[in-house]
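To keep things clear, I will list the structure first and then write my remarks on it.
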2 protein chains.
Amino acid sequence: MTRRRPVASTAKTGLRRRAASPARAEKLNKLTLGQLDYHLGYVLRRLQIWVFQDFIQTLATMKVRPAQYSVLLVIEANPGRSQAAIGQTLGIERARLARLLHELERRKWISRRASGSDARSHCLHLTADGEKALVRIKSLAAQHEARLADHVGAKRRTQLMELLRDFG
Amino acid sequence: MTRRRPVASTAKTGLRRRAASPARAEKLNKLTLGQLDYHLGYVLRRLQIWVFQDFIQTLATMKVRPAQYSVLLVIEANPGRSQAAIGQTLGIERARLARLLHELERRKWISRRASGSDARSHCLHLTADGEKALVRIKSLAAQHEARLADHVGAKRRTQLMELLRDFG
DNA sequence: GTAGATTGTTGTCAATGACAACATTCTCCC
DNA sequence: GGGAGAATGTTGTCATTGACAACAATCTAC
């Protein structure tokens with residue numbers, strides 16, 4: 001459907017919106033959020049989007065996504081565990097984790113050894129390459145975390161961590 | 001690629017994992033998050049996922065998604081504004097907002113009137129149906145918010161709101 | 001030893017975010 | 001008055017993500 005709309009009489013009124021120079025427009029168009037900023041979920045999500053975007057951008061050189069990073073850290077902290085255990089810990093669904101690990105294996109950052117105790121499951125480990133890569137990745141992640149602290153304020157960041165860490 | 005893996009000697013060791021009764025398994029498989037819970041982004045995201053899932057489930061009867069809800073609230077609080085203004089306020093991209101509004105219009109919850117001052121843009125308003133629906137929607141959203149307060153604790157919820165509201 | 005659960009894999013679908021292209025219209029500047 | 005360039009809304013496409021179903025292999029429980 002193409003746009004067909006009556007021609008507006010442009011000289012109708014003097015209340016025309018102001019000139020839209022690129023910087024000016026942003027300010028003039030700011031609207032009220034209404035009841036939205038009484039919803040914790042909304043403000044939570046806005047910050048979370050900021051965090052993810054900065055994280056993705058910061059780790060773009062290593063081409064590591066947040067989910068991949070979390071998996072690498074959990075494997076490092078719990079070597080030899082199964083996909084089911086990792087997925088359960090991180091809340092990542094089986095199917096998605098299988099594909100995610102396939103990619104990490106393709107990059108030779110992790111290995112899947114056969115488990116001696118359960119022939120269905122794989123034991124996950126970081127490879128030497130994976131450990132080396134993770135050093136650089138952690139360094140970038142630290143840069144991101146510093147930028148985040150700068151964005152929200154160091155004190156506020158600490159308070160948020162304390163409030164959020166231990167109730168899941 | 002199908003699975004082909006060496007047959008495991010099942011009697012190899014006594015260290016076999018315990019029986020996996022559905023409740024038991026969840027506890028036994030809990031792993032360490034490693035350095036992950038020093039990342040604000042991670043704990044933030046976990047809570048945000050909880051919030052969204054509860055929201056979506058609570059508003060399933062009205063078939064309203066979080067983004068749709070936010071748009072309805074902002075239109076209510078700022079009637080007659082353009083799509084560009086709404087999108088800018090909520091951080092929703094032009095293309096996505098156009099399709100989202102198309103759906104809300106199909107349900108007769110919003111109307112797009114031609115703007116007298118700018119023939120390119122539409123003035124967005126809630127319809128009578130939209131306002132009626134929004135009453136029910138807000139009631140469900142309040143239920144969700146109460147459940148959220150119960151989940152994180154009323155005091156913690158307040159503290160989080162204060163920390164998150166005013167720095168974007 | 002069999003019934004039912006678990007593990008990992010693949011396929012598919014819907015929602016989302018991002019980007020490009022486009023017609024229409026506006027603003028700016030000469 | 002008349003472009004040049006920007007803004008608005010629309011559509012198309014692509015990649016990512018989450019969710020679910022089906023499947024073979026294997027394990028647990030009885």
Side-chain angles (χ1 to χ4, degrees), chain A residues 1-11 16-26 28-29 45 49 52-53 56-57 63 65-68 81-88 90-103 105 112 114-115 117-124, chain B residues 1-11 16-26 28-29 45 49 52-53 56-57 63-68 81-88 90-103 105 112 114-124:
Chain A
M1 185 164 54
T2 55
R3 301 172 76 210
R4 48 213 153 75
R5 99 165 53 89
V7 178
S9 63
T10 67
R16 257 210 301 264
R17 220 168 53 240
R18 284 284 303 288
S21 67
R24 194 67 57 87
E26 193 178 335
L28 293 179
N29 284 338
R45 175 156 172 77
I49 288 174
F52 259 48
Q53 283 183 348
I56 292 169
Q57 197 174 342
K63 293 206 204 316
R65 309 269 313 174
Q68 296 172 320
R81 307 308 293 266
S82 69
Q83 296 184 197
I86 304 284
Q88 223 164 358
L90 286 171
I92 301 177
E93 187 230 6
R94 290 209 313 273
R96 174 155 163 60
L97 184 60
R99 287 181 257 244
L100 196 154
L101 290 173
H102 190 71
E103 169 65 13
E105 196 176 23
R112 298 156 132 146
S115 165
S117 59
D118 188 336
R120 293 170 303 179
S121 63
H122 300 154
C123 293
L124 300 175
Chain B
M1 185 166 50
T2 55
R3 301 172 79 211
R4 48 212 152 76
R5 101 166 49 91
V7 177
S9 63
T10 66
R16 256 210 303 263
R17 226 177 37 242
R18 282 284 305 288
S21 68
R24 194 68 56 88
E26 194 178 335
L28 293 179
N29 284 337
R45 174 154 172 79
I49 288 175
F52 259 48
Q53 283 182 348
I56 292 169
Q57 196 174 341
K63 293 206 204 315
V64 173
R65 309 269 314 172
Q68 295 173 322
R81 308 307 293 267
S82 68
Q83 297 183 198
I86 304 283
Q88 222 163 359
L90 286 171
I92 301 178
E93 186 230 7
R94 289 209 313 272
R96 172 154 166 59
L97 185 59
R99 287 181 258 245
L100 196 155
L101 290 173
H102 189 71
E103 168 66 13
E105 197 176 23
R112 297 156 132 145
S115 166
S117 59
D118 188 336
R120 294 171 302 176
S121 63
H122 300 155
C123 293
L124 301 175

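Chain A is the first sequence line, chain B the second, and so forth, proteins listed ahead of strands; every chain is numbered from 1. Quick caveat, the model's predicted, so the values are computed rather than measured.
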Between D/dA7 (P) and B/R81 (CZ): distance, integer Å: 17 Å
Flag side-chain contact, heavy atom, 4.5 Å: A/L124 against A/R81: no
Distance test, side-chain N/O of B/R96 to OP1/OP2 of D/dG12, below 4.0 Å: no
Atom-pair distance (CD1 on A/I92; P on D/dG18), nearest Å: 8 Å
Rounded interatomic separation in angstrom, taking CD from A/E105 and C1' from C/dT9: 13 Å
Within 6.0 Å of CD in A/E103, more than 12 heavy atoms from elsewhere: yes
Nearest non-hydrogen partners of A/G87 and A/L97, listed with the distance: N-CD2, 3.6 Å
Whole angstrom value for the distance that separates P of C/dT12 from CZ of A/R94: 18 Å
Nucleotide C/dT16, atom P - distance to CD of B/E103 in whole Å: 11 Å
5' precedence on DNA chain C between A/L101 and A/R45 (nearest-nucleotide basis): A/L101
Residue that, paired with B/Q83, satisfies side chain to side chain donor-acceptor pair (under 3.5 Å) out of B/R112, B/R94, B/Q88: B/R112
Nearest-Å distance for atom pair CD/C1', residues A/Q88 and C/dT7: 12 Å
Side chain of B/R99 - closest among D/dT13, C/dT10, C/dC26: D/dT13
Under 4.0 angstrom between A/R112 side-chain N/O and C/dT9 OP1 or OP2: yes
Integer-rounded Å distance: C/dT10 C1' and A/L100 CG: 16 Å
Sugar-phosphate, base or nothing in reach of B/A67, heavy atoms under 4.0 Å: nothing
5' precedence on DNA chain D between A/A95 and B/A95 (nearest-nucleotide basis): B/A95
Length of the NE2-P vector between A/H122 and D/dA25, whole Å: 14 Å
Given DNA chain D, 5'-ward residue of the pair B/A98 and A/R65, judged by closest heavy atom: B/A98
Sugar-phosphate, base or nothing in reach of A/E93, heavy atoms under 4.0 Å: base
Sugar-phosphate, base or nothing in reach of B/Q53, heavy atoms under 4.0 Å: sugar-phosphate
base_contact_polar (C/dT6 base, A/R120 side chain, donor-acceptor, <3.5 Å): yes
Atom pair OG (B/S82) and CG (B/D118), whose distance is rounded to the nearest 0.5 Å: 8.0 Å
Distance below 4.0 Å between B/Q83 side-chain N/O and D/dA7 OP1 or OP2: no
